[in-house]
4 protein chains.
Amino acid sequence: MSARRRDSASTAAARAERRAELLATAAEVFASRGYAVTTVREVAEAAGMLGGSLYYHFDSKESMVDEILSAFLTEMWAAYDRVLASGLGSRETFQALVAESFRMIDRHRPAVMIYQNESRYLSTSPRFSYLLDSQERFRQMWLELLDRGVLDGTFRVGLDTGVIYRFLRDTVWVAAGWYRSGGRLTADEIARQYLTMILDGILST
Amino acid sequence: MSARRRDSASTAAARAERRAELLATAAEVFASRGYAVTTVREVAEAAGMLGGSLYYHFDSKESMVDEILSAFLTEMWAAYDRVLASGLGSRETFQALVAESFRMIDRHRPAVMIYQNESRYLSTSPRFSYLLDSQERFRQMWLELLDRGVLDGTFRVGLDTGVIYRFLRDTVWVAAGWYRSGGRLTADEIARQYLTMILDGILST
Amino acid sequence: MSARRRDSASTAAARAERRAELLATAAEVFASRGYAVTTVREVAEAAGMLGGSLYYHFDSKESMVDEILSAFLTEMWAAYDRVLASGLGSRETFQALVAESFRMIDRHRPAVMIYQNESRYLSTSPRFSYLLDSQERFRQMWLELLDRGVLDGTFRVGLDTGVIYRFLRDTVWVAAGWYRSGGRLTADEIARQYLTMILDGILST
Amino acid sequence: MSARRRDSASTAAARAERRAELLATAAEVFASRGYAVTTVREVAEAAGMLGGSLYYHFDSKESMVDEILSAFLTEMWAAYDRVLASGLGSRETFQALVAESFRMIDRHRPAVMIYQNESRYLSTSPRFSYLLDSQERFRQMWLELLDRGVLDGTFRVGLDTGVIYRFLRDTVWVAAGWYRSGGRLTADEIARQYLTMILDGILST
DNA sequence: TATGAATGAGTTTTCATTCAT
DNA sequence: TATGAATGAAAACTCATTCAT
């Protein structure tokens, strides 16, 4: 490899790394203040630069959230698909999906918060139609799992799976709003608590 | 009662009614599109008037949400306080609070959504410090109830009450995002499903 | 006609009049400074208001030129079509088209200048594709007329009609750059001079 | 001549050549898109470099047009002065000036277009006052020639020389907008067509 | 010589708010 | 009570220019 090639490789890599840094900063700010009310200036300041400078790296404020969300969703579905492909029973699949979700929150808390809080607003634009697609796929995944679990005797009969699905959808993700990585509880521990609660209830037996 | 007094009384009443109508419309729009991204013009249009006309009725966009939220919170705490004052056991109190919450969603869905989605943003302003107060009071209410329930053997030992509290807080209110009054399920029926799930878990026994 | 209907009619008319005034002002400024380098603020100032106020009347800077140009082109083609439909001989048609053009300059000088100077830039946007359409139609009109005139013996044989067409196209319209309505020469007088020059040449005979 | 001197000489020459290349590129882009709306980045890209790199060669975007235009005007006036100094009759002078103009278009089409399209905008800055000077000199040159020609019986009496001057000024240069070097017609052939048209008119005789 | 990252002034646009009618 | 025109502050975005490497 010539020096030239190593150079161009390293600058391309440096550039990608800088982008990633900036996106992480942007995600943090969007998550904590809300996408719509966050100004580009605020993101830039958090990154230690002036407002206009961000436009050297990104086309628009919109393209920043876009990149944040699509990267997150890609990774999320890869994780879910791995679980779904592993042939587990309905209870174990359930547990694995919830655990995966908490791991996503652990690793991509800002992206999860943005996904949770801003989807409604963003998905009015065609550019973000993939958010609706993802939601629909999510819905089908859980409904199928719940139906299967009821049929095979894992889950309680008489529950409204539509209600339970909505319950799960919201419940798991809103935890991103308060979970802090490195806090008292690990993501796996929280997943365990949630699973106990959901699977067995909170009543003493 | 003189004609004059009846007139001014009916005018004052008509005025209050008009305000209430406009607030209901505003709440609907704020809830469905998000407070920050909703323009005053959109609210006005939904009410069949022009942007400037709203300022005859209200001081500002902010005072509209303010009125919406404080009216809602007042009613909500009145309901909660009634439950808390009735001397029920921890399980029954739990059930009653959850049921009350779903009734709030049923009757004040837009206000609940606004409370849920916009509190973080609004409470950065001193004017809305009461939102933080309400949250803190909510937190204490549930933590005390959970602690009491664990002590008297109603709730499972070994659960992290901090986690459970957050779980309950989020879980109940997010239902406002999908619940439709007059839909397939009544508020009480949904409360029953939620309670089964939370108290007994979803596993078949 | 009720008072209400007359009112709404008069306000609609007042509004249309205001728009027309503002468009005339904008056209003046765009014409004298160039569309691209004119700021919305400059247009607003020329109209005695602040920058943002223009957006009460117009969607965007672009929509202002759009309206200016399309109104002008509509009127221009109406005038040309009247000439073309009147069954004149080729020499008289030629004279009438040139005279019409100078009348357009007389009445819509700013619009003509914008059309002349900014078409190249504007027509890169799909919104202004009608500028290209108009140019193409203009080209066909003149080429047909020149060809007919050569065939019927009106025009000199041996001229390159492509060159003459371009010559006419540019020559007539650039006069908008210097012609001032109410100056020493009337539009008809200038048209006469141009026609003498073009038809008979400037050499003494 | 030492190696050192030859090196620095060839370096200086190479540098001048690079500048000339870059200016030619810049002129092309400015001409085709318009100076004001062309970004430095676009010029740089057309020259195969990045935006900032141009600033090694030039002080500013403005200094680029400045150099392009002043070089062009210098050459143009040298050519005109040669004609004017050669003691030709008014008709021959007329023909020679028009022919020279088309040769300028042939050899410096981008510069001519910039001169034609951007003078109004540029000449608002003191730096480009020479554009106004040139225009004034141009005007005097033609008016004197026309007056002389009318006096000596070459040109038709009764024409408004002010109108004819403007006509000539615009007519000749706008050809830069469509002329392509190496196309169907040579510059001299186009000059011949223009001259026939202007001198003898387009009517058959 | 050229790059790439950043600057900062300026531009278009949005929108809560005001106010005369 | 409501309208409609305007205000003005703030937002997203653009781009000529700088400068360390």
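So you know, we letter chains A, B, ... as the sequences are listed, proteins then strands, and number each from 1.
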E:dT1, OP1 or OP2 - any side-chain N/O from D:S53 closer than 4.0 Å?
no
Within the 4.0 Å heavy-atom criterion, would you say A:T39 contacts the bases, only the backbone, or no part of the nucleic acid?
sugar-phosphate
Ignoring backbone atoms, establish whether D:Y56 has a side-chain N or O less than 4.0 Å from OP1 or OP2 of E:dT1.
no
Okay, side chain of D:T74, backbone of D:S70: is any donor-acceptor separation there less than 3.5 Å?
yes
With respect to the side chain of B:L50, which nucleotide from E:dA6, F:dT3, F:dT7 is positioned closest?
F:dT3
Base, sugar-phosphate, or nothing for B:T38, non-hydrogen atoms under 4.0 angstrom?
sugar-phosphate
Could you tell me whether the phosphate oxygens of F:dA6, OP1 or OP2, come under 4.0 Å of any side-chain nitrogen or oxygen in C:H57?
yes
Please determine if a side-chain N or O atom of A:R15 lies less than 4.0 Å away from the OP1 or OP2 oxygen of E:dA5.
yes
F:dT1 C1' sits how many Å from B:F58 CZ, rounded?
14 Å
B:K61 NZ - E:dT14 P separation (whole Å)
15 Å
I'd like to know whether OH of A:Y55 has more than 12 heavy-atom contacts from other residues, nucleotides or ligands below 6.0 angstrom.
yes
Just wondering, more than 12 heavy atoms not from B:R41 lying within 6.0 Å of its CZ?
no
Sub-3.5 Å donor-acceptor pair from the side chain of A:S53 to the main-chain atoms of A:M49, do we have one?
no
Parallel under 30°, tilted from 30 to 60°, perpendicular over 60°: which one fits the rings of A:Y35 and A:F30?
perpendicular
5′-ward residue of the pair B:L22/A:S60 relative to DNA chain F
B:L22
Could you state the atom-to-atom distance from CZ of A:R19 to P of E:dG4 in whole Å?
15 Å
Pairing partner of F:dT21 (Watson-Crick or G-U wobble, both distances under 3.5 Å):
E:dA2
Taking everything shown except A:F58 itself, do over 12 heavy atoms lie less than 6.0 Å from its CZ?
yes
Once you round it to whole Å, what is the distance between P of E:dG4 and CG of A:L54?
19 Å
Below 4.0 Å: OP1/OP2 of F:dA2 and any side-chain N or O of B:R18:
yes
Could you tell me the separation between the CD atom of A:E45 and the P atom of E:dG8, rounded to a whole number of Å?
13 Å
Once you apply the 3.5 Å cut-off to both distances, tell me the Watson-Crick or G-U wobble partner of E:dC15, or none.
F:dG8
More 5' along DNA chain F: C:M49 or A:A36, using each one's nearest nucleotide?
C:M49
Does B:Y55 make a side-chain N or O approach to OP1 or OP2 of E:dT18 shorter than 4.0 Å?
no
Report the nucleotide, chosen from F:dT17, F:dA12, E:dT7, that has the shortest atom-to-atom distance to any side-chain atom of A:V40.
F:dA12
Most 5' of B:R41 and C:E62 on DNA chain E, judged by nearest nucleotide
C:E62
D:D59 CG - F:dT18 C1' separation (whole Å):
13 Å
Length of the line joining A:E17:CD and E:dG4:P, which is rounded to integer Å
16 Å
